[in-house]
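Data block below; observations after.
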Amino acid sequence: MNTQQLPPSRIDPVARKYLLIMYALNGLFFFGVVITPIITLILAYLKQTEWGDSIYRDHTQYIIRTFWVSLIATIVSVPLILLFGAGFLTMTLVTVWFGYRSAFGAWRIWKYETVNPQAWLELP
């Protein structure tokens with residue numbers, strides 16, 4: 001697990017605040033605000049190139065990957081619900097995974113640490 005922490009010279013409080021807001025928008029999804037992950041995705045794409053090669057870019061890639069994998073898994077799960085009922089299990093797993101990645105990413109940026117955008121499940 002990559003737990004790279006920024007040296008004090010690379011700390012950007014504005015980028016950190018921006019990412020914390022994006023993770024919070026993802027969290028609002030669980031309170032019925034379904035549009036917020038889409039807003040977060042757009043913001044992540046806009047900021048991705050601006051942050052260059054830094055942990056902030058890793059976090060935007062993490063957010064982007066979380067959104068797309070969750071969307072694809074949801075699209076696959078809906079027919080499974082209608083046909084077999086098994087989709088309820090997959091939808092639950094996707095929802096838990098989305099929530100975990102959002103909370104984990106927020107926790108890591110709070111500590112100015114990186115995430116691995118390619119990992120399916122990082123543990124603290």
Side-chain angles (χ1 to χ4, degrees):
M1 177 171 52
N2 185 4
T3 59
Q4 172 191 358
Q5 190 167 17
L6 283 176
S9 62
R10 297 273 321 256
I11 290 177
D12 184 352
V14 173
R16 178 179 177 238
K17 185 186 298 184
Y18 201 91
L19 283 163
L20 286 171
I21 290 169
M22 291 188 335
Y23 284 119
L25 286 171
N26 270 352
L28 285 175
F29 172 78
F30 294 98
F31 296 100
V33 188
V34 181
I35 190 92
T36 56
I38 296 168
I39 295 168
T40 303
L41 178 72
I42 293 167
L43 294 174
Y45 274 120
L46 291 174
K47 287 295 187 177
Q48 181 173 309
T49 54
E50 181 180 321
W51 287 330
D53 186 27
S54 70
I55 70 165
Y56 307 114
R57 182 183 167 107
D58 289 345
H59 278 276
T60 58
Q61 291 173 335
Y62 189 77
I63 289 168
I64 291 167
R65 181 176 169 91
T66 301
F67 176 86
W68 287 116
V69 170
S70 297
L71 180 65
I72 290 167
T74 300
I75 290 170
V76 168
S77 295
V78 169
L80 291 175
I81 290 172
L82 299 173
L83 296 175
F84 307 110
F88 288 113
L89 175 62
T90 58
M91 283 296 292
T92 301
L93 292 173
V94 168
T95 303
V96 168
W97 182 77
F98 180 83
Y100 176 80
R101 280 181 63 105
S102 297
F104 182 78
W107 176 61
R108 292 299 285 269
I109 197 60
W110 181 261
K111 297 183 345 177
Y112 287 105
E113 292 180 353
T114 191
V115 290
N116 180 359
Q118 301 305 316
W120 284 94
L121 185 66
E122 282 189 278
L123 300 174

Exercise. Does one hydrophobic cluster hold both L46 and L25, with members joined at side-chain heavy-atom distances below 4.5 Å?
Worked result: yes

Problem set entry | Minimal non-hydrogen separation, D58 against P117, with atom names | O-CG, 3.4 Å

For this session: Applying side chain to side chain contact (heavy atoms under 4.5 Å, CB included), run through L43 and T60 and close with a yes or a no.
Result: CA-CA 9 Å; L43 294 174; T60 58; over 6 Å; no

Exercise. Any sub-3.5 Å donor-acceptor pair from Y56's side-chain atoms to D12's backbone N or O?
Worked result: yes

Problem set entry | Student check: side-chain heavy atoms of R65 and Q118 closer than 4.5 Å | yes

Problem set entry | In one Ile/Leu/Val/Met/Phe/Trp/Tyr side-chain cluster, 4.5 Å: V76, L82 | no

For this session: Might you point out which heavy atoms bring R101 and A119 nearest each other, and give the distance in Å?
Result: NH1-O, 2.6 Å

Problem set entry | Heavy-atom pair of closest approach, residues T90 and G87 | OG1-O, 2.9 Å

Exercise. How long is the gap from CD on Q61 to CG on N116, to the nearest 0.5 Å?
Worked result: 10.0 Å

Problem set entry | Geometric class of the F104/Y62 ring pair [parallel <30°, tilted 30-60°, perpendicular >60°] | tilted

Exercise. Rounded to the nearest 0.5 Å, how far apart are CD1 of I35 and CG of L28?
Worked result: 12.5 Å

Exercise. What about L83 and L89, same hydrophobic cluster or not, with Ile/Leu/Val/Met/Phe/Trp/Tyr joined at side-chain heavy-atom distances under 4.5 Å?
Worked result: no

Exercise. Between atom CZ of F29 and atom OG of S102, what is the distance when rounded to the nearest 0.5 Å?
Worked result: 9.5 Å

Seminar exercise, completed: Across all chains, not counting sequence neighbours, the side chain to side chain contact (heavy atoms under 4.5 Å, CB included) partners of W68 are L41, Y45, I64, L71

Exercise. So which heavy atom on A73 is nearest to which on V94, and how close?
Worked result: CB-CG2, 3.2 Å

For this session: Provide the closest heavy-atom pair for F98 versus S70 in the form atom of the first, atom of the second, distance.
Result: CD1-OG, 3.4 Å

For this session: Determine whether W51 and W110 fall in the same hydrophobic cluster, where Ile, Leu, Val, Met, Phe, Trp and Tyr are linked whenever their side-chain heavy atoms lie under 4.5 Å apart.
Result: yes

Seminar exercise, completed: Of all heavy-atom pairs linking P13 and Y112, the shortest is CA-OH, 3.8 Å

For this session: Would you please classify the geometry between the W120 ring and the W97 ring as parallel, tilted or perpendicular, with 30° and 60° separating the classes?
Result: tilted

For this session: Quick one: sort the Y23 and H59 rings into parallel, tilted or perpendicular, breaks at 30° and 60°.
Result: perpendicular

Exercise. Do F67 and I38 have side chains that get closer than 4.5 Å, going by heavy atoms?
Worked result: yes

Exercise. Do you reckon V34 sits in the same ILVMFWY cluster as F31, going by side-chain contacts under 4.5 Å, direct or chained?
Worked result: no

For this session: Apply the side chain to side chain contact (heavy atoms under 4.5 Å, CB included) test between M22 and each candidate in I109, T40, T36; give the one that qualifies.
Result: T40

